[in-house]
Enquirer: 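Below: one structure in structure tokens.
Sequential numbering from 1 along the given sequence is applied to the chain's residues.
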Amino acid sequence: MIARPDALPGARAAACLTQFQQRPPLIHCLTNEVVQSLTANVLLALGASPAMVVEPQEAAQFSALADGLLINVGTLNALRAESMRAAVAAANRAGKPWTLDPVAVGALSYRTAFAKQLLDEKPAAIRGNASEIMALSGLLASGRGVDSGDDSLAALPAARELAQRSGAVVAVTGAVDYVTDGQRDWAIEGGSPLMTRVVGTGCALSAVVAAFCALPGDRLDNVATACRVMSHCGGLAARQAAGPGSFTPAFLDALYQLRGEDL
């Protein structure tokens, strides 16, 4: 039986969000083509600045300028992989944190091998569903494409092992999110099943994780706050929405109106 971690204290989340809003970061998003618009709008609603520079030479140049980098392998191809490797190398040289979103890793061999290679490049954070995190750690998982067939709490031991091996803070997301640095854990409740009926909320969360990784201080708290921000605003939006069509604008409004005391 896996013991459930404590919830992220609201005061810590509030402090992280306040710090974020005082100095919003510029985030370079090498993300999948399906979710680019929502990802950009989520970051903008929070006050951050998104950019999506994909040509390999420019990707490397821009990653050194940005405050953080997101690598999302959702629509991976050979040219995009070249851009991602160049961007990661440049971010590392410049001392900028980067976040890995291992979309559908475990279900497809090319992206699985690529994502595992990137683990050697020291991501600051990794954000995935239970099946993706289990597969990336080397365990058998029951994911089907981007859909997880595993429970987030069941994946927590794999997330801890992955964090210890990679040096990253690992967020495994689901009905309850769990964030770990391999030694310490936080649980984040909230959200809504309606969030799974809108394409890109998980990918957008990874961009928000990348943005919060740009903050100084305790990276475990920062990544957990990113999850808390998204789950809190997703829950608010779902209570107002009639369905997926009205959820997205309500979600963006909730992110835009969010203040530290709300957490």
Enquirer: With sequence neighbours excluded, what pairs up with Glu121 under the salt bridge (charged side-chain N to carboxylate O under 4.0 Å, His left out) test?
Expert: none
Enquirer: What about Leu205 and Leu258, same hydrophobic cluster or not, with Ile/Leu/Val/Met/Phe/Trp/Tyr joined at side-chain heavy-atom distances under 4.5 Å?
Expert: yes
Enquirer: Within the structure provided, determine whether Ile27 and Leu69 are in side-chain contact (heavy-atom separation under 4.5 Å).
Expert: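 When only atoms from C-beta onward are counted, Leu69 and Ile27 do not touch, as no gap falls below 4.5 Å.
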Enquirer: What is the minimum heavy-atom distance between Ser63 and Ala87, and which atoms define it?
Expert: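 It is OG-CB, 3.3 Å.
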Enquirer: If you round to the nearest 0.5 Å, how far is OG1 of Thr18 from CG of Leu263?
Expert: 8.5 Å
Enquirer: Rounded to the nearest 0.5 Å, what separates atom NE2 in His232 from atom SG in Cys227?
Expert: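 Spacing of NE2 (His232) from SG (Cys227) equals 14.5 Å.
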Enquirer: Using side-chain heavy atoms (C-beta onward) and a distance below 4.5 Å, is Thr39 in contact with Pro50?
Expert: no
Enquirer: May I ask whether Val35 and Leu44 are part of the same hydrophobic cluster, defined by side-chain heavy atoms of I, L, V, M, F, W, Y residues being less than 4.5 angstrom apart, directly or through others?
Expert: no
Enquirer: Could you list the residues that satisfy side chain to side chain contact (heavy atoms under 4.5 Å, CB included) with Asp185, not counting sequence neighbours?
Expert: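 Asp185 satisfies side chain to side chain contact (heavy atoms under 4.5 Å, CB included) with Pro5, Leu156, Arg160, Thr180 only.
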Enquirer: Grouping I, L, V, M, F, W and Y whenever their side-chain heavy atoms are under 4.5 Å apart, do Val105 and Val209 come out in a common cluster?
Expert: no
Enquirer: Can you establish whether the number of heavy atoms outside Gln57 located under 6.0 Å from its atom CD is more than 12?
Expert: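 Result for CD/Gln57: open.
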Enquirer: Run the side chain to side chain donor-acceptor pair (under 3.5 Å) test against Arg219 and tell me which residues pass, sequence neighbours left out.
Expert: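 Partners of Arg219 under the side chain to side chain donor-acceptor pair (under 3.5 Å) test: none.
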Enquirer: For Ala238 and Ser192, work out which heavy atoms get closest and say how close.
Expert: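 Closest pair (atom of Ala238, atom of Ser192, distance): CB-OG, 3.2 Å.
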Enquirer: Residues two or more places apart in sequence or in another chain: which of them pass side chain to side chain contact (heavy atoms under 4.5 Å, CB included) with Arg184?
Expert: Asp181, Asp218, Leu220
Enquirer: List the atom of Val223, the atom of Cys213, and the distance in Å for their closest heavy-atom pair.
Expert: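 Taking every non-hydrogen atom into account, CG2-SG, 3.8 Å.
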Enquirer: How about Leu17 and Val229: do any of their side-chain heavy atoms sit closer than 4.5 Å?
Expert: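 The answer is yes, as the side chains (C-beta and beyond) meet within the 4.5 Å cut-off.
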Enquirer: Kindly give the heavy-atom pair with the smallest separation between Asn72 and Val103, and that separation in Å.
Expert: OD1-CG2, 3.5 Å
Enquirer: Begin from the C-alpha positions of Val54 and Leu30 and carry the test side chain to side chain contact (heavy atoms under 4.5 Å, CB included) through to its verdict.
Expert: CA-CA 7 Å; Val54 298; Leu30 283 171; 3.9 Å; yes
Enquirer: Provide the closest heavy-atom pair for Phe247 versus Val198 in the form atom of the first, atom of the second, distance.
Expert: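 So the two residues come closest at CD2-CG2, 3.6 Å.
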Enquirer: Taking atom CG of Leu236 and atom CG of Asp262, what is their separation to the nearest 0.5 Å?
Expert: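 Here the rounded value is 7.5 Å.
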Enquirer: Has Glu132 got a side-chain atom pairing as donor or acceptor with Ala104's backbone, closer than 3.5 angstrom?
Expert: yes
Enquirer: To the nearest 0.5 Å, tell me how far Leu215 CG sits from Asn222 CG.
Expert: 4.5 Å
Enquirer: Salt bridge between Glu33 and Arg80, side-chain N to carboxylate O under 4.0 Å?
Expert: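 Salt bridge flag = yes for Arg80 with Glu33.
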Enquirer: Any side-chain to backbone donor/acceptor pair from Ser166 onto Leu119? Under 3.5 Å, distance only.
Expert: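 No: the side chain of Ser166 does not pair with the backbone of Leu119.
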Enquirer: Measure the shortest side-chain to side-chain distance between Leu118 and Trp98 over non-hydrogen atoms and say whether it is less than 4.5 angstrom.
Expert: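 In contact.
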Enquirer: Can you hop from Ile71 to Leu26 via hydrophobic side chains spaced under 4.5 Å?
Expert: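 No, Ile71 and Leu26 fall in different hydrophobic clusters.
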Enquirer: Within a reach of under 6.0 Å around CD of Gln117, are more than 12 heavy atoms found that belong to other residues, nucleotides or ligands?
Expert: yes
Enquirer: Can you find a pair of side-chain heavy atoms, one from Ser231 and one from Met195, that are under 4.5 Å apart?
Expert: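 No, every pair of side-chain atoms sits at 4.5 Å or beyond.
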Enquirer: Would you give the length of the straight line joining atom CZ of Arg165 to atom CG of Leu136, rounded to the nearest 0.5 angstrom?
Expert: 7.0 Å
Enquirer: For Asp177 and Trp186: C-alpha separation, side-chain torsions, deciding distance, then whether side-chain hydrogen bond (donor to acceptor under 3.5 Å, both in side chains) applies.
Expert: CA-CA 8 Å; Asp177 300 338; Trp186 290 127; over 6 Å; no
Enquirer: Return the CG to CG distance between Leu43 and Leu38, rounded to the nearest 0.5 Å.
Expert: 9.5 Å
Enquirer: Give a yes or no on whether Tyr256 atom OH has more than 12 heavy-atom contacts from other residues, nucleotides or ligands under 6.0 Å away.
Expert: no
Enquirer: If every non-hydrogen atom of Gln36 is compared with every non-hydrogen atom of Met52, which pair is closest and at what distance?
Expert: O-CE, 3.3 Å
Enquirer: Would you say Val199 and Val34 make side-chain contact, with heavy atoms under 4.5 Å?
Expert: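 They are in side-chain contact.
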Enquirer: Identify whether Tyr110 and Leu79 are in the same connected component of the hydrophobic contact network (ILVMFWY, side-chain heavy atoms under 4.5 Å).
Expert: no
Enquirer: Can you pull the salt bridge (Lys or Arg N to Asp or Glu O under 4.0 Å) pairs that have at least one residue in residues 96-120, sequence neighbours excluded?
Expert: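 Of all non-adjacent pairs touching residues 96-120, those that pass salt bridge (Lys or Arg N to Asp or Glu O under 4.0 Å) are Asp101-Arg127.
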Enquirer: Once ring-ring contact (aromatic ring centres under 6.0 Å, His included) is applied, do any residues pair with Phe62, and if so which ones, sequence neighbours excluded?
Expert: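 Only His28 meet the ring-ring contact (aromatic ring centres under 6.0 Å, His included) criterion with Phe62.
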Enquirer: Could you tell me whether the side chain of Ile188 reaches within less than 4.5 Å of the side chain of Tyr178, counting heavy atoms only?
Expert: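 Tyr178 vs Ile188: side chains apart.
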Enquirer: So, do Met230 and Thr173 sit near enough that their side-chain heavy atoms are less than 4.5 Å apart?
Expert: no
Enquirer: Does Gln164 use its side chain to pair, donor to acceptor, with the backbone of Gly182 at less than 3.5 Å?
Expert: yes
